[in-house]
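Report on the following structure.
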Amino acid sequence: MKRTKIKELLSSPKTGEDVLVKGWVRTKRGNKNVVFIALNDGSTISNIQVVAEASSFNEDLLKDITTGACLAVTGKLVESQGQGQNVEIAAASIELYGKSDAETYPLQKKGHSMEFLREIAYLRPRTNTFGAVLRIRHSMSFAIHKYFNDKGFFYLHTPIITGSDAEGAGEMFHVTTMDLANVPHSNDGSVDFSNDFFGKPTNLTVSGQLEGELGALALGDIYTFGPTFRAENSNTPRHLAEFWMIEPEMAFYDLTDNMDLAEDFVKYLIRYALENCREDLDFLNNMIDKGLLERLNFVVANEFVRITYTEAVNILVNSGKKWEYKVGWGTDLQAEHERYLVEEHFKRPVILTDYPMSIKAFYMKQNDDGKTVRAMDVLFPGIGEIIGGSQREENYEKLLSRIRELKIPEKDLWWYLETRKFGTAPHSGFGLGFERLILFVTGMSNIRDVIPFPRTPKNAEF
RNA sequence: UCCUCAGUAGCUCAGUUGGUUAGAGCAAUGGACUGUUAAUCCAUGGGUCGUAAGUUCGAGUCUUACCUGGGGAGCCA
């Protein structure tokens, strides 16, 4: 008999038919005469109830059916006599694939703390919460590709290993095959990379943007979606050393086009989740965050506020609030300022634009005022900055002078500058932190719980 | 990296101004129960109190250092 997934079984139940299901035991209860097994195969958050008449099965087999054990069950799908479910399987035969010693299996029927589950990340996908999060994570990945594909964007694979140390987005992880116990040095005392694998210093990427721009200036509209690595010693519920980032880059987009795309993109993803992940979202709304569905619906239904950095500073200065960090034109906005704008003043997502040139990256297009750049940050409630982007500086002289002002090693960026020499074009792009999106969509509060195997300072287990 | 809180049974926690043999709920184990829904009821076992040093007649409790985790901040996505 062919195996049926539980999701399929529950969505279009054909009672009276014989079925074969395979999955892991969530709970077992019962008495002398009848045993009830809640079986889950990961295809959906719901379990199927397997009912076994004790007299029809070997006593030792029933004893070995404990929380966590893996079973293959054949039987007839019937209407349930109980209250909790519509259909159940009247078991005809049960094959035990894998026992699960109840005394040592870490997962119980009762709830566990997120901190404990993090320590057993090799098993936590078997819980309702992580099953829901991981299914939603998959759906969001798929929706991202679908959104861009439908819009005629091309998925560009930018390198994971990079030879330039120029973007300045964060501390980097070195990539080397050198024997670290015996690192060769040049005469001047510096590390000699000439015999290293690439013959020069290399790192894991902190952003695919610069290569993404090369793609946009050939293919028109591209996006990247891949792992990103930051060796920052950041210990917060919003940072990972290894995370996934989506970076669209579009030729002929100005900053307004860029904002329009970012807003449409994020709303599309949230709408996609609402339409396709309903059961999992309902579960998370009940168990994790009672305001989740309301917040998701609100974001989809309302325009994002768009104001300039200068306007934001005025609002903050005139708010009458006491700030831990001083607000003034030219300083970067702190978490408390962003939170005030999003959560108290406007009470909705906010896009801030036209930041001072001095606090933003070298590649952002300079405004005519000579002091601001065409940057945009999308700020979300509870998350903070979920998207950062800009129109890029396409003028060769302006870009070069900015690189020199900031003393960025020009020799590492020669290829990037070349694009401004040959057929340069106005273009824009942004980066969306995938896990931060998942945080928002799931209502989870710690970024370590929206990626299967989190990498953070002092933690690379599993 | 900084500030702050915490670490006691498999899990979640209680443990009084330092005082005899460290407790509870859940889980587990054994039993009861004719359809259960995180089942219920009865019983049983389970601890180097994060690690190391110190103060003291005496430390789960006080001190110091370190480790691990949470929350906040910075850096950022």
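Since this is a predicted model, take the numbers as computed values, not measurements. Per chain, numbering begins at 1; letters A, B, ... match sequence-line order.
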In residues 334-343 of chain A, what residues come within less than 4.0 Å of RNA chain B, judged by heavy atoms? A:Gln334, A:Ala335, A:Arg339
Sorted by number, the residues of residues 122-131 of chain A with heavy-atom contact under 4.0 Å to RNA chain B: none
Which is true for [X] with a 4.0 Å heavy-atom rule: it touches a base, it touches only sugar-phosphate, or it touches nothing?
| X | answer |
| --- | --- |
| A:Ser80 | base |
| A:Arg26 | nothing |
| A:Gln85 | base |
| A:Tyr325 | sugar-phosphate |

Exactly one candidate in A:Glu213, A:Arg392, A:Glu393, A:Glu394 meets side-chain hydrogen bond (donor to acceptor under 3.5 Å, both in side chains) with A:His427; the answer is A:Glu213
Taking atom types as they are modelled, would you say the side chain of A:Ser234 forms a donor-acceptor pair with the base of B:C75 within the 3.5 Å cutoff? yes
Is the base of B:U36 touched by the side chain of A:Gln83 through a donor-acceptor pair closer than 3.5 angstrom? no
Any idea which of [options] is nearest the [X] side chain?
| X | options | value |
| --- | --- | --- |
| A:Asn33 | B:U68, B:U34, B:G30 | B:U34 |
| A:Thr236 | B:G35, B:G70, B:A73 | B:A73 |
| A:Phe36 | B:U34, B:U1, B:U36 | B:U36 |

For nucleotides 43-46 of chain B, print each protein N/O atom paired with a nucleotide N/O atom at under 3.5 Å, atom names and distance only.
none

Gap in Å between the two [atom1] atoms, one belonging to [N] and one to [M], rounded:
| N | M | atom1 | answer |
| --- | --- | --- | --- |
| B:U16 | B:G50 | P | 14 Å |
| B:C62 | B:G46 | C1' | 30 Å |
| B:G19 | B:G23 | P | 14 Å |

For A:Phe130, which residues count as a ring-ring contact (aromatic ring centres under 6.0 Å, His included) partner, sequence neighbours excluded? none
Assess whether atom [atom1] of [X] is packed by more than 12 heavy atoms of other residues, nucleotides or ligands within 6.0 Å.
| X | atom1 | result |
| --- | --- | --- |
| A:Asn86 | CG | no |
| A:Glu405 | CD | yes |
| A:Glu344 | CD | yes |

Can you check whether [X] reaches [Y] side chain to side chain, under 4.5 Å on heavy atoms?
| X | Y | result |
| --- | --- | --- |
| A:Val19 | A:Thr74 | no |
| A:Leu217 | A:Thr419 | yes |
| A:Arg306 | A:Glu263 | yes |

If a stem is a run of at least 3 consecutive Watson-Crick or G-U pairs, both distances under 3.5 Å, which stems include RNA chain B? B:1-7 with B:67-73, B:10-13 with B:23-26, B:28-32 with B:40-44, B:50-54 with B:62-66
Taking all heavy atoms of A:Ser390 and all of A:Ala375, pick out the closest pair and write down the distance. CB-CA, 3.8 Å
Identify all pairs in which a protein N or O lies below 3.5 Å from an N or O of nucleotides 48-51 of chain B, and state each distance.
none

Between [N] and [X], is there an OP1 or OP2 to side-chain N/O distance shorter than 4.0 Å?
| X | N | result |
| --- | --- | --- |
| A:Arg448 | B:G70 | yes |
| A:Asn446 | B:G71 | yes |
| A:Arg238 | B:C75 | no |

Apply side-chain hydrogen bond (donor to acceptor under 3.5 Å, both in side chains) to A:Asn58 and list each qualifying residue two or more places apart in sequence or on a separate chain. none
Quick one: side-chain hydrogen bond (donor to acceptor under 3.5 Å, both in side chains) partners of A:Lys360, sequence neighbours excluded? A:Asp377
Does A:His157 have its ring centroid less than 6.0 Å away from the ring centroid of A:Tyr155? yes
Check: A:Phe154 ring centroid to A:Tyr223 ring centroid under 6.0 Å: no
Going by the angle between their ring planes, with limits at 30° and 60°, are A:Phe153 and A:Tyr253 parallel, tilted or perpendicular? perpendicular
Whole angstroms only, please: what is the CD-C1' distance between A:Glu385 and B:C75? 11 Å
If you look only at distance, which donor and acceptor atoms sit under 3.5 Å apart when one is on a side chain in residues 235-242 of chain A and the other is two or more places apart or in another chain?
unit_1, atom_1, unit_2, atom_2, d
A:Asn235, ND2, A:Asn233, OD1, 3.2
A:Thr236, OG1, A:Arg238, N, 2.9
A:Thr236, OG1, A:His239, N, 3.3
A:Thr236, OG1, A:His239, ND1, 2.6
A:His239, NE2, A:Arg436, NH2, 3.4

Could you run down the sub-3.5 Å N/O contacts of the protein with nucleotides 7-14 of chain B?
unit_1, atom_1, unit_2, atom_2, d
B:G10, N2, A:Gln108, OE1, 2.7
B:G10, N3, A:Gln108, OE1, 3.3
B:U12, OP1, A:Ser113, OG, 2.8

What N/O pairs connect the protein and nucleotides 39-41 of chain B at under 3.5 Å? Give each pair on its own line.
unit_1, atom_1, unit_2, atom_2, d
B:A39, OP1, A:Lys109, NZ, 3.1
B:A39, OP2, A:Arg29, NH1, 2.3
B:A39, N6, A:Gly30, O, 3.1

Please list every donor-acceptor pair under 3.5 Å in which a side-chain atom of residues 451-462 of chain A meets a protein atom from a residue at least two apart or in another chain.
unit_1, atom_1, unit_2, atom_2, d
A:Arg455, NH2, A:Glu461, O, 2.4
A:Arg455, NH2, A:Phe462, O, 2.9
A:Asn459, OD1, A:Glu461, N, 3.2

Kindly say whether A:Thr158 contributes a backbone atom to a donor-acceptor pair with the side chain of A:Glu211 at under 3.5 angstrom? no
Is a salt bridge present between A:Arg135 and A:Asp280, judged by a nitrogen-to-oxygen distance below 4.0 Å? yes
